[in-house]
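Everything below concerns the one structure shown next.
Quick note: residue numbers are just sequence positions, from 1. One-based numbering, in listed order, for ligands and for the atoms of each.
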Amino acid sequence: MPSLSSSSRFKLDLAGRPRRLRRNAAVRVLVEETVLRPADFIAPLFVVEGRGAPEPVGSMPGVARFNVADLVRECRALWKLGVPAVALFPKIDAGLKDPRGSVALDGDALIVRAVRAVKKALPGMVVMTDIALDPYTSHGHDGLLSDDGREVLNDATVEVLMKMAVLHARAGVDFVAPSDMMDGRVAAIRSALDAAGCEQTAIMAYSSKFASAYYGPFREAVGSAKAAGAPALDKRTYQLNPANRREAIAEAIIDEGEGADVLMVKPAGPYLDIIRDVREVTRKPLAAYQVSGEYAQIHAAARLGWLDLEKTRMESLLAIKRAGADMILTYFAKSVAGELRSFSSGGRGNSK
Ligand code: PBG
């Protein structure tokens, strides 16, 4: 019978042995190519009216809607952890919504008060807001509808977005982030901001934003989901077809040409190829949005004991940065920033 045990004398004659660089944690950290840091993150935060306790979002464990005072507290905690930026999203009371999203232009709107409060407490923190009508419209679309309700109007929507951007800029936001995917909105918003004397307000364009099923939990969080039983909101006349790579690159190039300061790919994890593609066609900074559904699926699997939460979330973010994102919008910002801080005090980088 031939022996199956390994012979200690057998040696392969190899030109190289890549495993030499993986032998221990110290070697691994020396050759580590991508490093996450708290400063890579933009934390999306939800804000509600009133003075109530934080309202947990069912499909996003660990995420809650904050009243303005608690929002400021949360921003302070993020700032202390080294997270430099937040993106604020309002949940508007259903009674205030109408088909035209009129509340979006209210000078004393919830989001305006939230921005002012955060900037007052933390003037150095970067504050961003979405420029789109979906939190405000009763139908949940990002734009105005035609009279017969069958079409999401482009130019009429952009006209509202220009005013909304100026309102947010005057409240103190550092970046406005048009997230609606209407044509021509970046150039229109840029010229409206400049005309209003807000030339320092930057634009982060949701430039390659796909019509994705991964936005489901977010729509619950801001209350823009349709009532149970109604057909899911169909945004395919403005958001990108998930099948289309060339079109996604073309959209990024258009937004760069219109004057966007930062471009974005959204969602992130299922679209790493697009992040890489856009990275290669532009010298602009690139953001990627790890959306609510990406967050929810990691938590769901972790709850079932099927995935390790800490390791999976870190790997998901590392992959997005490795693909070419300079900054990542992620609901994991606080937890991962905390984890990275404790790593760095132990000097171990990403290689545990
Ligand atoms: C609104 C907007 C959406 C998200 C960010 N801004 C939802 C949508 O377009 O339907 C999704 C974010 C997430 O899922 O985390 N235009």
Quick one: do [X] and [Y] make a salt bridge, cutoff under 4.0 Å?
X	Y	value
Asp273	Arg245	no
Asp98	Arg100	no
Lys209	Asp180	no
Asp277	Arg246	no

Does Tyr331 have a heavy atom less than 4.0 Å from any atom of ligand 1? yes
*Does Asp180 reach ligand 1, in the sense of a heavy atom lying below 4.0 Å from it?*
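The answer is no, since Asp180 has no heavy atom less than 4.0 Å from ligand 1.
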Q.
Is there a polar contact, in the sense of an N or O pair closer than 3.5 Å, between Asp134 and ligand 1?
A.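 Checking ligand 1 against Asp134, an N or O pair does fall under 3.5 Å apart.
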- Item | Asp108 atom CG, neighbour heavy-atom count above 12 within 6.0 Å | yes
- More than 12 non-hydrogen atoms from neighbouring residues, nucleotides or ligands closer than 6.0 Å to CD on Glu55, yes or no?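 Buried by this count: over 12 neighbours within 6.0 Å.
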Below 4.0 angstrom from a heavy atom of [X], which ligand 1 atoms are there? Numbered from 1 as shown, please.
X	answer
Lys209	1 (C), 2 (C), 3 (C), 6 (N), 8 (C), 9 (O), 16 (N)
Tyr289	12 (C), 15 (O)
Gln239	8 (C), 9 (O)
Lys235	8 (C), 9 (O), 10 (O)

In terms of residue, atom name and distance, what is the protein heavy atom nearest to [atom]?
atom	result
atom 16 (N) of ligand 1	Asp142 OD2, 2.8 Å
atom 6 (N) of ligand 1	Asp130 OD2, 2.8 Å
atom 5 (C) of ligand 1	Lys266 NZ, 2.6 Å
atom 14 (O) of ligand 1	Ser292 OG, 2.7 Å

| message | In terms of relative ring orientation, are Tyr331 and Tyr295 parallel, tilted or perpendicular, with 30° and 60° separating the classes? | response | perpendicular
Verify the ring-centre separation between Phe41 and Phe332: is it less than 6.0 angstrom?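 Judged by ring-centre distance (under 6.0 Å), Phe332 and Phe41 do not meet the cut-off.
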